[in-house]
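Since the structure comes first, as C-alpha cells, the remarks are kept for the end.
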Amino acid sequence: MKSAVTVGIDIGTSSVKAVAADEDGNVVAQSRLPHDIRIPAPDRFEHDPRPAWSDDPRAALDALNLTDAPGGRTVGGCAVGSRLVAAVS
C-alpha cells in the first residue's frame, strides 16, 4: 500500500473542490464538482447550501478514487474550508 495522503476540501461559492497530497506535498488526485447555480435576477446569485455541505463533499472525496485503485492510499488527515458569506434582507 502507498503512503497516506492529506486531503483538503474547499466548499466554495460555485463548486466543491478536493485535493489529495502525499507526504512530500505532491498532488496525487483532485476533483471539482460545480454547484447548481440559480440567477433569479440580474443582481442575484444563489445555490442550495444543503448539497454544498452534505452531498458534494462526499462526492468530491469519492471522485478522488484514493482507496479503490490497486495499491490504494489511506487518508492520514483532512481539512475542510469555506468562506461562506450570506446576506439576508
> Does Ala20 have any side-chain contact (heavy atoms from CB on, under 4.5 Å) partners at least two apart in sequence or in another chain, and if so, which?
Replying inline: Val5, Val7, Val28, Ala29, Leu64, Leu66

> What residues, two or more places apart in sequence or in another chain, satisfy salt bridge (charged side-chain N to carboxylate O under 4.0 Å, His left out) together with Arg38?
Replying inline: Glu46

>> Holding to side-chain contact (heavy atoms from CB on, under 4.5 Å), I want the full list of residues that pass it with Asn26, two or more places apart in sequence or in another chain.
In response: Asp22, Asp24

> Who else is in the cluster with Val27 when I, L, V, M, F, W and Y are joined by side-chain contacts under 4.5 Å?
Replying inline: Val19

>> I'd like to check the side-chain contact (heavy atoms from CB on, under 4.5 Å) partners of Thr6; sequence neighbours left out, ordered by chain and number.
In response: none

>> Applying side-chain contact (heavy atoms from CB on, under 4.5 Å), can you list everything that pairs with Asp43, at least two apart in sequence or on another chain?
In response: Ala41

> For Ser15 and His35, which heavy atoms make the closest approach, and how far apart are they?
Replying inline: N-CD2, 3.2 Å

